[in-house]
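Input: a single structure, listed below in structure tokens.
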Amino acid sequence: QVQLVESGGGLVQAGASLRLSCAASGRTFSNANMAWFRQAPGEAREFVAAMYRSRTAYSDSVKGRFTISRDNAENTMYLQMNNLKPEDTDVYYCAAKYGPLGDYRSVTYPYWGQGTQVTVSS
């Protein structure tokens, strides 16, 4: 099994920054396909960013504002969110997958965290 725990969400004003963390345990972290998704009430879960080793990918809506990174020594993945906008208000989830990734933007990751709330006011 793989356990993922997100933290770092909160309530901020537009233009502020937050740093989300995803702590992983239960399996080797350095070789994992990792991703961040977000979901608002009544909406579909949306891809945000992904990382495999040093390779990264982002959704168009967050490019230039969000940065995904990882610290293998700490078994932790991060999402640095800058210049936050009200439309970034969502529950943010981290996800992990091992083996062939396929479409990394798909929600078909087998391992998920519990989510952390990000609220951005105008």
Side-chain angles (χ1 to χ4, degrees):
Q1 64 178 6
V2 175
Q3 295 179 331
L4 304 173
V5 180
E6 303 98 331
S7 62
L11 173 62
V12 299
Q13 292 184 318
S17 297
L18 282 173
R19 186 194 190 205
L20 306 184
S21 298
C22 175
S25 62
R27 191 170 176 178
T28 301
F29 175 77
S30 60
N31 293 328
N33 305 289
M34 303 291 296
W36 288 97
F37 290 79
R38 63 188 184 184
Q39 186 172 28
E43 302 290 335
R45 191 162 295 188
E46 175 189 19
F47 170 79
V48 176
M51 187 170 196
Y52 176 69
R53 294 177 176 167
S54 62
R55 302 182 67 181
T56 61
Y58 299 90
S59 68
D60 290 340
S61 62
V62 306
K63 284 182 179 177
R65 298 190 298 120
F66 292 9
T67 302
I68 188 172
S69 63
R70 68 200 298 159
D71 187 335
N72 290 331
E74 298 289 336
N75 292 331
T76 302
M77 176 179 65
Y78 303 96
L79 184 68
Q80 178 66 46
M81 306 185 295
N82 296 327
N83 191 25
L84 284 162
K85 304 175 180 180
E87 51 263 46
D88 296 320
T89 296
D90 285 302
V91 176
Y92 284 71
Y93 300 88
C94 65
K97 180 181 185 297
Y98 291 86
L101 180 59
D103 183 4
Y104 57 82
R105 296 174 177 266
S106 171
V107 298
T108 58
Y109 284 71
Y111 305 108
W112 295 87
Q114 83 289 348
T116 185
Q117 176 70 49
V118 172
T119 303
V120 184
S121 62
S122 300

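Small disclaimer: the values here were computed from a predicted structure and weren't measured. What's counted below: heavy atoms across the whole structure, side chains too, no hydrogens, waters or symmetry copies.
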Taking Gln114 for the side chain and Val5 for the main chain, is one N or O donor matched with an acceptor at less than 3.5 Å?
-> no
Scan residues 5-115 for pairs that pass disulfide (SG to SG under 2.5 Å), counting only residues two or more places apart or in two chains.
-> Cys22-Cys94
Could you pull out the closest heavy-atom pair between Glu46 and Ser61, with the gap in Å?
-> OE2-OG, 4.0 Å
Grab the two heavy atoms, one from Tyr93 and one from Glu6, that are nearest each other, plus how far apart they are.
-> CA-OE2, 3.1 Å
Atom pair OG (Ser122) and CD (Glu87), whose distance is rounded to the nearest 0.5 Å = 8.5 Å
Report the residues that fulfil salt bridge (charged side-chain N to carboxylate O under 4.0 Å, His left out) with Asp88, sequence neighbours left out, ordered by chain and then residue number.
-> Arg38, Arg65
Residues two or more places apart in sequence or in another chain: which of them pass side-chain hydrogen bond (donor to acceptor under 3.5 Å, both in side chains) with Asn82?
-> Ser17, Gln80
Co-membership, hydrophobic cluster, residues Tyr78 and Trp112, 4.5 Å side-chain = no
List in chain and number order the residues that pass ring pair (Phe, Tyr, Trp, His ring centres under 6.0 Å) with Tyr104, two or more places apart in sequence or in another chain; answer none if no residue qualifies.
-> Phe47
Does Asp60 have any salt bridge (charged side-chain N to carboxylate O under 4.0 Å, His left out) partners at least two apart in sequence or in another chain, and if so, which?
-> Lys63
For residues Phe37 and Ser106, report the shortest heavy-atom separation together with the two atoms involved.
-> CZ-O, 3.1 Å
Nearest heavy-atom contact between Pro86 and Ala14 is CD-CB, 4.2 Å
Take atom CD of Gln13 as the centre, draw a 6.0 Å sphere, and report whether it contains more than 12 heavy atoms from other residues, nucleotides or ligands.
-> no
State whether the side chain of Thr76 and the backbone N or O of Glu74 hold a donor-acceptor pair below 3.5 Å, judged by distance alone.
-> yes
Hydrophobic cluster mates of Val120, side-chain heavy atoms under 4.5 angstrom, ILVMFWY only, any path?
-> Val2, Leu4, Val12, Leu18, Leu20, Phe29, Met34, Trp36, Val48, Met51, Tyr58, Val62, Phe66, Ile68, Met77, Leu79, Met81, Leu84, Tyr92, Tyr98, Tyr111, Val118
